[in-house]
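Here the structure is laid out as structure tokens; the discussion comes afterwards.
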Amino acid sequence: MAEKITAPKGTYDILPDQQAVRRWVVACAEDVFQRYGYGRLDTPIFEETALFARGVGESTDIVRKEMYTFTDLGGRSMTLRPEGTAPAARAYVEHGMRTLPQPVKLWYHWPMFRYESPQSGRYRQHYQFGVEAFGSTSPALDAEAIGVLAALYREIGLAQVELRINSMGCRQCRPTYSDELRAFLIDHRADLCTECHERTRLNPLRTFDCKVPGCVRVMESAPRFTEYLCENCEGHHTVVRDHLVVQGIEYVEDHRLVRGMDYYTRTTFEFQSAVLGAQSGVGGGGRYDDLVESIGGPPTPGVGFGTGVERILLALSRSRDDLPGTRGPLAYVVAVNDSARREAFALVHELRSRGVAAELDYASRSLKGQMKQAGKGGARFALILGDEETAAGEVTLKDMATGEERRLPRTEATEVVVKAEVSAE
RNA sequence: GUGAACGUAGCUCAGUCGGUAGAGCACUGGAUUGUGGCUCCAGCGGUCGCGGGUUCGAAUCCCGUCGUUCACCCCA
């Protein structure tokens, strides 16, 4: 026998019975995005590798070790999209969207690919919703982006999420702070782990992430970025916080919140869920005022977020038990004997043509077997066709919930089912 | 990339001290005449992840490998 082929590591199949809840979440998201004035954008699933290398940043984990990169037959280096912001920025530049009224507000629902080792809530292919707003430095837009995400979580009933916010400063104040922090880290070198020594050199802000107890203790007395923000960044941050309050959004300031993409400036934020385990981030984002320029576009500010669909679903399944389920057929047409099967097929066809979700037996099951199928499939009506019914041009209409049966002319029975379908929608 | 636990039927699992496999669910049929859900009976279904080693004999012990899960790293 040939060797069994399974889904690639870290990937999964989405089976029919899992589709309903997913579609519902997607529909909620789409509704929220539309209401906040964001238009849908779709881009290719792969891009030139350089887009991510330059946009996301050479020093990030994503670019250094997590990209699905391949050479196409033309010898070009291509990469399966690991995140959404850089492709959105590329599309903004490529289509001259700076000539549109600013800001240009876009949303997406895309699969992302990262070569990571899978664990709870982390996959090599996963979906993200995201929004990106280009062309405005207004802090109201930062607060709005956070508000969009909060609205989404609220409307799908995702409780127990906590918002953390921080500011990463800008080109002016970040170098000052970086130098200050690096100097502090060098002073305390003896108390830090070897990994933090490396971080000190590459990206000192990352030392705040370290969980080694000694490092955590040192970092408690480290200088905080919020105390080194320049006047503009300070003012920006204040307005963002104020506009969160205006929206009734609770948050905690977390000066240790450092996100993995190099492009963030000023506002960064992350929503965490207590029910998720180690991968507790459900969604996060921030401002990226230098990104568009770094991929060869005109200087253009932007702000946005990404949120993981699988993590939303995981958190939902752990906090709600009233999620939408799969809808079965409304009507199941039963043939009492083989001579009625052709008639049954014709009736199913008629019902389907008139908009009714109708089903019938394909396995030559007995009458009893067909009734069983109707019951298991969740059909509301069974339409039973036997010799007596066909001879009279009638059908026995059975209400599966009450067990009540009526012999009706075929057209009348059809009418009842069609009306039920209409009212079910 | 690192560490730990686990891989037995479609699913959830049992399998003692090594003696070539079981249950429940699901699926199919049946319990006298043309009727589902409850119950009962029967049937279908397994290269014990894969490869090697030890042994008279391996699902069981050992090594490797692949996969899953959880965690680190990082992220959604």
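Keep in mind that what you see is a predicted model, and the values were worked out from it rather than measured. Here is the naming used below: chain letters follow the sequence lines, and residue numbers restart at 1 for every chain.
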Tell me which nucleotide among [options] gets nearest to the side chain of [X].
{"X": "A:Ile384", "options": "B:U2, B:A76, B:U35", "value": "B:U35"}
{"X": "A:Lys398", "options": "B:G36, B:C73, B:G1", "value": "B:G36"}
{"X": "A:Asp61", "options": "B:C73, B:U69, B:U35", "value": "B:C73"}
{"X": "A:Ser120", "options": "B:C70, B:A76, B:G34", "value": "B:C70"}
{"X": "A:Lys9", "options": "B:G36, B:A71, B:U68", "value": "B:U68"}

For [N], does the base pair up with any side-chain atom of [X] as donor and acceptor (N or O, under 3.5 Å, distance only)?
{"X": "A:Arg122", "N": "B:C74", "value": "yes"}
{"X": "A:Gln370", "N": "B:U35", "value": "no"}
{"X": "A:Glu66", "N": "B:G1", "value": "no"}
{"X": "A:Glu116", "N": "B:C73", "value": "no"}

Rounded distance in Å between the [atom1] positions of [N] and [M]:
{"N": "B:C63", "M": "B:U47", "atom1": "P", "result": "27 Å"}
{"N": "B:C40", "M": "B:C50", "atom1": "P", "result": "35 Å"}
{"N": "B:A26", "M": "B:U69", "atom1": "C1'", "result": "24 Å"}
{"N": "B:C48", "M": "B:C61", "atom1": "P", "result": "15 Å"}
{"N": "B:G36", "M": "B:A31", "atom1": "C1'", "result": "16 Å"}
{"N": "B:G51", "M": "B:G7", "atom1": "C1'", "result": "15 Å"}
{"N": "B:A59", "M": "B:A9", "atom1": "P", "result": "14 Å"}
{"N": "B:C44", "M": "B:G30", "atom1": "C1'", "result": "14 Å"}

Comparing A:Arg311 and A:Gly277 on RNA chain B - which has the more 5′ nearest nucleotide: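 Checking each residue's closest nucleotide, the 5'-ward one belongs to A:Gly277.
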
Comparing A:Leu385 and A:Gly283 on RNA chain B - which has the more 5′ nearest nucleotide: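 Of the two residues, A:Leu385 wins.
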
OP1 or OP2 of [N] less than 4.0 angstrom from a side-chain nitrogen or oxygen of [X], does that happen here?
{"X": "A:Ser117", "N": "B:C73", "result": "no"}
{"X": "A:Lys372", "N": "B:G29", "result": "no"}
{"X": "A:Gln373", "N": "B:U28", "result": "yes"}
{"X": "A:Arg259", "N": "B:C74", "result": "no"}
{"X": "A:Gln119", "N": "B:C70", "result": "no"}
{"X": "A:Arg365", "N": "B:U28", "result": "yes"}

With sugar-phosphate meaning primed atoms plus P, OP1 and OP2, does [X] contact a base, only sugar-phosphate, or nothing at under 4.0 Å between heavy atoms?
{"X": "A:Arg64", "answer": "nothing"}
{"X": "A:Met261", "answer": "sugar-phosphate"}
{"X": "A:Gln125", "answer": "nothing"}
{"X": "A:Gly130", "answer": "nothing"}
{"X": "A:Gly285", "answer": "nothing"}
{"X": "A:Val336", "answer": "base"}
{"X": "A:Glu270", "answer": "nothing"}

Pair A:Thr85-A:Glu132, side-chain donor/acceptor within less than 3.5 Å: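 Indeed, the side chains of A:Thr85 and A:Glu132 share at least one donor-acceptor pair under 3.5 Å.
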
Between [X] and [Y], is the gap from one ring center to the other below 6.0 Å?
{"X": "A:Tyr108", "Y": "A:Phe129", "result": "no"}
{"X": "A:Tyr12", "Y": "A:Tyr123", "result": "yes"}
{"X": "A:Phe225", "Y": "A:His255", "result": "no"}
{"X": "A:Phe33", "Y": "A:Trp107", "result": "yes"}

Without decimals, in angstroms, what is the distance between [X] [atom1] and [N] [atom2]?
{"X": "A:Asp387", "N": "B:U35", "atom1": "CG", "atom2": "P", "value": "14 Å"}
{"X": "A:Glu310", "N": "B:U69", "atom1": "CD", "atom2": "P", "value": "13 Å"}
{"X": "A:Gln279", "N": "B:A71", "atom1": "CD", "atom2": "P", "value": "7 Å"}
{"X": "A:Asn337", "N": "B:U33", "atom1": "CG", "atom2": "C1'", "value": "13 Å"}
{"X": "A:Arg406", "N": "B:U35", "atom1": "CZ", "atom2": "C1'", "value": "17 Å"}
{"X": "A:Glu389", "N": "B:G34", "atom1": "CD", "atom2": "P", "value": "12 Å"}
{"X": "A:Met400", "N": "B:C38", "atom1": "CE", "atom2": "P", "value": "12 Å"}
{"X": "A:Leu314", "N": "B:C70", "atom1": "CG", "atom2": "P", "value": "8 Å"}

Flag if over 12 foreign heavy atoms under 6.0 Å of CZ, A:Arg40: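 More than 12 within 6.0 Å, yes.
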
Counterpart residues, ring pair (Phe, Tyr, Trp, His ring centres under 6.0 Å), relative to A:His188 (two or more places apart):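 Residues passing ring pair (Phe, Tyr, Trp, His ring centres under 6.0 Å) with A:His188: A:Phe184.
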
Pair A:Glu310 + A:Arg122, salt bridge at N-O below 4.0 Å: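 No, this pair does not count.
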
Structure string for RNA chain B in dot-bracket form, Watson-Crick and G-U at under 3.5 Å, | interchain: (((((((..((((.....[..)))).(((((.......))))).....(((((..]....))))))))))))....

